[in-house]
Number of protein chains: 2
Amino acid sequence: MDIQLKRGLLDVCVLAAIRNEDSYGYKIIKDLKPCVELSESTLYTILKRLEAAGLLTVRTAEHDGRLRKYYRITQAGISRIETFKAEWKEVISIYKFVSEEGENEQA
Amino acid sequence: MDIQLKRGLLDVCVLAAIRNEDSYGYKIIKDLKPCVELSESTLYTILKRLEAAGLLTVRTAEHDGRLRKYYRITQAGISRIETFKAEWKEVISIYKFVSEEGENEQA
DNA sequence: AACACATACCTCGTGTTACGATGTATTACG
DNA sequence: CGTAATACATCGTAACACGAGGTATGTGTT
């Protein structure tokens, strides 16, 4: 999938991945894989960014003698998803412009 | 509208704007305005990029004693739009993941 | 024991990109 | 004569996704 097309999507994908229950980096990548592929370097960059923006909080916990960083979505994070959903109407209208324009030419 | 969300859309918007008839920078901005806003610096950067990629061709013509650069879409440009439309299924599935996830939580 | 592999985290450099600021020139209007 | 609209362009900046590479521990295999 086109990288540029991903850019507005990845942040909210990560937020959606931790929406129902806290998760950690490695699991987020696996969970998102069927939906959208992202590399580790990308994910950890995004997690840092979302934390700095207050859209999620971090908690370090031990699991089977190994450290994991669990991420929990904040209210601001949930709002971010809602904003995204609200903006989607514009995206759809852009898509329609791009996909429908010119089709009446073929008639 | 979120800048990141625009990134995968602007190129194809510009291509769609010249799809039915040749156009020039200033007019493209005006035509796209109801659909998506973009600044002049952004547009001219995009036009250069699309030309370099062979997605459109340029022709300079005089109009009322003033020079205009008219842009015409190429076959590759049309293919670019088709690729975009094909990728849209993935985008929709991502949107569904983001928007539907968690809604069954409220029941 | 030695080795590969999965888990789990991280940093750095690079290329792409949208934008504001700014500049140049001409035409139109008052 | 000045202001706005038309029409093009460049430069620097900040955001971002990614590959390459690094560190460390557990698990499975031979």
Side-chain angles (χ1 to χ4, degrees), chain A residues 1-15 17-18 22-33 35-53 55-56 58-71 80 84 87 90-91 94, chain B residues 1-15 17-18 22-33 35-53 55-56 58-71 80 84 87 90-91 94:
Chain A
M1 185 179 174
D2 179 51
I3 292 179
Q4 303 310 320
L5 211 44
K6 274 186 179 180
R7 281 180 117 97
L9 274 13
L10 285 180
D11 279 23
V12 281
C13 277
V14 171
L15 288 173
I18 63 169
D22 296 3
S23 187
Y24 55 97
Y26 214 73
K27 184 166 188 293
I28 292 170
I29 290 175
K30 282 196 163 183
D31 288 345
L32 286 180
K33 200 149 203 167
C35 180
V36 60
E37 298 235 20
L38 78 173
S39 68
E40 291 187 44
S41 60
T42 301
L43 198 250
Y44 289 113
T45 306
I46 290 173
L47 288 170
K48 283 261 172 64
R49 185 164 69 233
L50 296 179
E51 189 198 355
L55 305 186
L56 51 78
V58 196
R59 154 179 62 95
T60 303
E62 200 177 310
H63 180 87
D64 289 338
R66 178 181 294 170
L67 285 181
R68 276 186 189 161
K69 293 181 81 170
Y70 285 92
Y71 298 90
R80 174 70 181 81
F84 171 79
E87 268 184 327
E90 278 183 72
V91 174
I94 290 173
Chain B
M1 185 179 174
D2 180 52
I3 293 180
Q4 304 309 319
L5 211 45
K6 276 186 177 179
R7 283 181 116 96
L9 306 173
L10 286 182
D11 280 23
V12 282
C13 278
V14 172
L15 288 173
I18 62 170
D22 297 3
S23 188
Y24 55 96
Y26 213 74
K27 183 165 188 292
I28 293 171
I29 290 176
K30 283 194 163 185
D31 288 345
L32 286 180
K33 201 150 202 166
C35 179
V36 61
E37 298 236 20
L38 79 172
S39 67
E40 291 186 44
S41 60
T42 301
L43 198 250
Y44 290 111
T45 307
I46 290 172
L47 288 170
K48 283 259 173 64
R49 185 164 68 233
L50 296 179
E51 188 198 354
L55 304 186
L56 50 77
V58 197
R59 154 180 62 97
T60 302
E62 201 176 309
H63 179 86
D64 287 339
R66 179 182 292 170
L67 285 180
R68 275 186 189 161
K69 294 181 81 171
Y70 285 92
Y71 298 90
R80 174 72 182 81
F84 171 79
E87 268 184 328
E90 280 183 72
V91 175
I94 290 173

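The sequence lines fix the lettering, A, B, ..., with proteins before strands; numbering per chain opens at 1.
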Pair I28(A)-L47(A), side chain to side chain contact (heavy atoms under 4.5 Å, CB included): steps then yes or no: CA-CA 10 Å; I28(A) 292 170; L47(A) 288 170; 4.2 Å; yes
Rounded to whole Å, NZ of K48(A) lies from P of dC16(D) at a distance of 15 Å
Determine whether R59(B) and D22(B) make a side-chain contact, defined as any pair of heavy atoms from C-beta on separated by less than 4.5 Å. yes
Determine, for nucleotides 14-22 of chain C in 5'-to-3' order, which nucleotides have protein heavy atoms under 4.0 Å from the base (write B), from only the sugar-phosphate (write S), or from neither (write -). --BBSBBB-
Are OP1 or OP2 of dA7(D) and a side-chain N or O of K27(B) less than 4.0 angstrom apart? no
How long is the line joining NE2 of H63(A) and P of dA8(C), in whole Å? 7 Å
Pair R7(A), I3(A) - check side chain to side chain contact (heavy atoms under 4.5 Å, CB included), show working. CA-CA 7 Å; R7(A) 281 180 117 97; I3(A) 292 179; 4.1 Å; yes
Please confirm whether the backbone N or O of G8(B) pairs with a side-chain atom of K6(A), one donor and one acceptor, at under 3.5 Å? no
Could you give the CG-to-P distance, from L47(A) to dC9(C), as a whole number of Å? 9 Å
Once you round it to whole Å, what is the distance between P of dA8(C) and OH of Y24(A)? 4 Å
Between atom CG in L67(A) and atom P in dT25(D), what is the gap in whole Å? 10 Å
By side-chain hydrogen bond (donor to acceptor under 3.5 Å, both in side chains), which residues pair with D2(B), not counting sequence neighbours?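 side-chain hydrogen bond (donor to acceptor under 3.5 Å, both in side chains) list for D2(B), sorted by chain: empty.
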Determine whether L5(A) and F84(B) make a side-chain contact, defined as any pair of heavy atoms from C-beta on separated by less than 4.5 Å.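 SC-SC contact between L5(A) and F84(B) confirmed.
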Less than 4.5 Å apart, any side-chain heavy atom of L9(A) and any of E90(B)?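 Of all side-chain heavy-atom pairs linking E90(B) with L9(A), none is under 4.5 Å.
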No-hydrogen, no-angle side-chain donor-acceptor test under 3.5 Å, R68(B) and Y24(B): yes
Distance in angstrom units between I29(B) CD1 and dA5(D) P, rounded: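 Rounded to the whole Å, the gap is 14 Å.
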With 3.5 Å as the limit, what N/O pairs link the protein to nucleotides 27-30 of chain C?
unit_1: dT27(C); atom_1: O4'; unit_2: R66(B); atom_2: NH2; d: 2.8

Take atom CG of D31(A) and atom P of dA8(C), then tell me their distance rounded to the nearest Å.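 Taking CG of D31(A) and P of dA8(C), I get 12 Å after rounding.
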Can you find a side-chain donor-acceptor pair between T45(A) and T42(A) that sits under 3.5 Å?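 No, T42(A) and T45(A) have no side-chain donor paired with an acceptor closer than 3.5 Å.
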Could you check how far CD1 of I28(B) sits from P of dA9(D), rounded to whole Å? 11 Å
Does OP1 or OP2 of dC10(C) have a side-chain N or O of Y44(A) closer than 4.0 Å?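 So the side chain of Y44(A) is outside the cut-off, no N or O lying under 4.0 Å from OP1 or OP2 of dC10(C).
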